[in-house]
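Encoded as structure tokens, the structure appears first; notes follow it.
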Amino acid sequence: MPKVVTRFAPSPTGNLNVGGIRAGIFAYLFARHNGGKFIVRIEDTDKERSKKEFEDNIFESLAWLGIDIDATYRQSKHAARYEELLRKLIAEDKIYVAKEEPKEPDGRSEVIRFRNPNKIISFFDAVHGQIEFDTTELKDFIIAKSFTEPLFHFAVVVDDWDEGVTHVVRGEDHISNTPRQILIQEALGVPRPKYAHLPLIVSSDRSKLSKRKGAVAITEYKKLGYVPEAILNYDSFLGWHPAGEKEIYSKEELITEFTLDRVQKSPAMFDETKLLWFNHEHLKKLSDSEYAARLKEFAQKDVDPRLVPLLKEHAKTLKEAAKALEDEFDFLGGIAYKPEFLLQGGKITAEVASNHLKTLSEILQNIPDEGFTPAQLKDILWPYATDQGRGEVLWPLRVALSGREKSPDPFTLCSILGKAETLERIAQALQKL
Ligand code: GLU
């Protein structure tokens with residue numbers, strides 16, 4: 001068996017989006033699972049629509065996702081090779097120059113057509129099984145506009161052959177191209193690769209993916225504070241999943257598990273909410289120091305290590321975490337608030353608030369430092385708050401500790417601040433009253 005070689009062949013006509021990368025991810029996982037090679041081929045034969053910025057975006061996205069590439073090709077560099085093979089085929093009379101009625105006054109009057117043997121092509125697809133197709137209906141299709149302008153099907157066949165591609169893993173929209181490409185392979189006398197056509201990706205209302213629904217660039221998700229681990233994991237599940245219930249997989253685990261026989265035929269549903277869930281799960285799996293390092297790119301300042309476990313639980317994206325850091329989690333430095341704020345704008349009297357804060361301070365004095373965990377503090381303070389009225393007890397406490405309208409709950413605040421700082425902040429609040 002030759003070594004497995006797969007390719008991802010994007011056209012650089014737009015930013016790489018979460019739907020478009022799926023074929024690349026599957027081809028990559030399959031190659032790595034089999035100890036094979038993964039190549040990327042930029043299909044830039046459409047000169048008008050192909051742009052350098054999109055090509056850069058494709059490579060930036062692949063690198064960010066951790067998809068390592070063994071070789072890179074660019075179709076625009078293969079013009080001489082295409083011409084050589086077109087001339088060979090014409091010499092063998094397998095293709096011919098055909099006169100055309102020009103569509104416009106000075107339009108082209110010649111194209112190169114394939115001499116169709118009009119036969120049944122039958123091929124095995126790893127996802128769809130045996131497929132048969134009568135090529136008669138394709139007639140003598142156009143294979144190139146001229147010797148220097150091959151069409152897509154010809155370029156794909158030549159490249160797959162020259163690049164040693166053993167498995168063509170691509171979207172289902174290419175199934176109908178396959179018989180034409182096989183005919184060209186047979187005319188050139190080159191081996192037929194194995195095929196796996198991946199199911200369509202639809203949005204949750206079953207419509208096609210669009211800019212608004214699912215076809216969002218990977219680099220856009222990066223800016224929104226998604227982590228590459230989550231995109232890779234979620235995308236891998238668009239039409240495939242391993243045995244069992246487990247959903248959160250690292251790249252290495254995906255490589256270990258990935259086989260084509262577990263790719264489904266039916267359309268895969270792209271669900272933004274599920275992607276967000278994957279992101280949250282992967283964020284929670286990062287070590288605290290790794291989390292802090294990634295958050296720094298969004299928050300532009302160091303995050304206090306005490307806050308990391310809390311942010312991990314609270315925020316589904318790094319952007320959300322950065323916002324929380326500016327907002328309700330900004331209580332570790334000095335705090336400033338007006339005394340009335342302790343009274344919830346007059347709902348609580350100063351006397352009541354003072355009494356509760358004094359009692360809370362006494363209770364907290366008696367808890368050892370090790371007891372300052374949110375769970376233990378809640379166990380101890382909750383019965384008192386329930387008995388006296390939760391709002392009247394917990395509001396002044398929360399404000400005394402955070403000085404903020406919104407913050408984590410008071411038990412969490414006590415635990416993060418620690419015993420000494422908690423008691424100090426309560427004492428300061430009592431002075432204000
Ligand atoms: N360039 C084609 C596309 O972007 C892929 C061709 C192929 O995988 O054979 O859809």
Side-chain angles (χ1 to χ4, degrees), residues 4-31 36-59 61-62 67 69 71-79 82 121 123 125-128 131 133 141 143-144 149-185 188 190-201 208-210 214-215 217-218 235 238-239 260 263 268:
V4 165
V5 180
T6 65
R7 74 337 185 248
F8 176 45
S11 305
T13 53
N15 286 336
L16 189 55
N17 67 50
V18 283
I21 183 64
R22 195 270 314 255
I25 291 176
F26 281 38
Y28 172 78
L29 294 177
F30 181 74
K37 246 175 94 175
F38 173 70
I39 66 180
V40 172
R41 180 169 73 231
I42 298 295
E43 302 213 320
D44 56 350
T45 42
D46 183 339
K47 290 195 186 64
E48 242 138 70
R49 292 174 58 229
S50 297
K51 299 242 154 55
K52 175 79 169 71
E53 62 177 285
F54 297 136
E55 190 180 313
D56 293 345
N57 181 271
I58 289 166
F59 286 115
S61 305
L62 289 166
I67 296 180
I69 305 166
T72 301
Y73 300 93
R74 190 170 284 103
Q75 279 189 331
S76 53
K77 293 217 170 135
H78 306 165
Y82 302 142
I121 288 287
F123 65 97
D125 185 284
V127 180
H128 298 265
I131 295 178
F133 189 91
F141 55 87
I143 188 169
E149 298 166 288
L151 290 191
F152 163 73
H153 298 293
F154 184 72
V156 165
V157 168
V158 171
D159 285 338
D160 282 343
W161 176 36
D162 282 348
E163 291 151 19
V165 172
T166 57
H167 291 75
V168 170
V169 179
R170 60 183 177 190
E172 196 176 288
D173 45 328
H174 289 289
I175 284 192
S176 60
N177 295 333
T178 307
R180 219 182 294 240
Q181 293 177 7
I182 290 176
L183 286 178
I184 299 172
Q185 285 158 9
L188 286 167
V190 306
R192 183 192 295 189
K194 296 200 162 46
Y195 289 96
H197 286 95
L198 311 173
L200 289 178
I201 305 173
K208 245 188 95 184
L209 288 194
S210 62
I218 291 157
D235 253 81
L238 289 174
L260 288 174
V263 176

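Counting starts at 1 for both ligands and their atoms, in listed order.
Under a 4.0 Å heavy-atom criterion, Gln181 is not in contact with ligand 1. Taking a 4.0 Å cut-off on heavy atoms, Phe8 fails to register as neighbouring ligand 1.
By the 30° and 60° cut-offs, the orientation of the rings of Phe152 relative to His174 is tilted.
A side-chain hydrogen bond (donor to acceptor under 3.5 Å, both in side chains) with Arg170 is found for exactly one of Thr6, Thr178, Asn177, namely Thr178.
Here is the list of ligand 1 atoms found below 4.0 Å of a heavy atom in Glu43: 1 (N), 2 (C), 5 (C), 6 (C). The atoms of ligand 1 that sit less than 4.0 Å from any heavy atom of Ser11 are 1 (N), 4 (O). Interface atoms of ligand 1 facing Arg170, defined by a heavy-atom separation under 4.0 Å, are 7 (C), 8 (O), 9 (O). For ligand 1, the atoms sitting less than 4.0 Å from at least one non-hydrogen atom of Phe152 are 6 (C), numbered in the order shown with element in parentheses.
Of all protein heavy atoms, the one lying nearest to atom 8 (O) of ligand 1 is Arg7 NH1, 2.7 Å. In terms of protein heavy atoms, atom 10 (O) of ligand 1 is closest to His174 NE2, 3.0 Å.
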Requested in this report: Might you work through the side chain to side chain contact (heavy atoms under 4.5 Å, CB included) test for His153 and Leu183, ending with a clear yes or no?
Outcome: CA-CA 10 Å; His153 298 293; Leu183 286 178; over 6 Å; no
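Taking the ring axis of Phe123 as reference, the NZ or CZ atom of Arg192 does not stay both within 45° of it and closer than 6.0 Å to the ring centre.
With sequence neighbours excluded, the residues satisfying side chain to side chain donor-acceptor pair (under 3.5 Å) with Asn57 are Asn15, Thr219.
The distance criterion of under 3.5 Å between nitrogen or oxygen atoms is met by Ala9 with respect to ligand 1.
Using modelled atom types and a 3.5 Å distance limit, the side chains of Glu172 and His197 yield no donor-acceptor pair.
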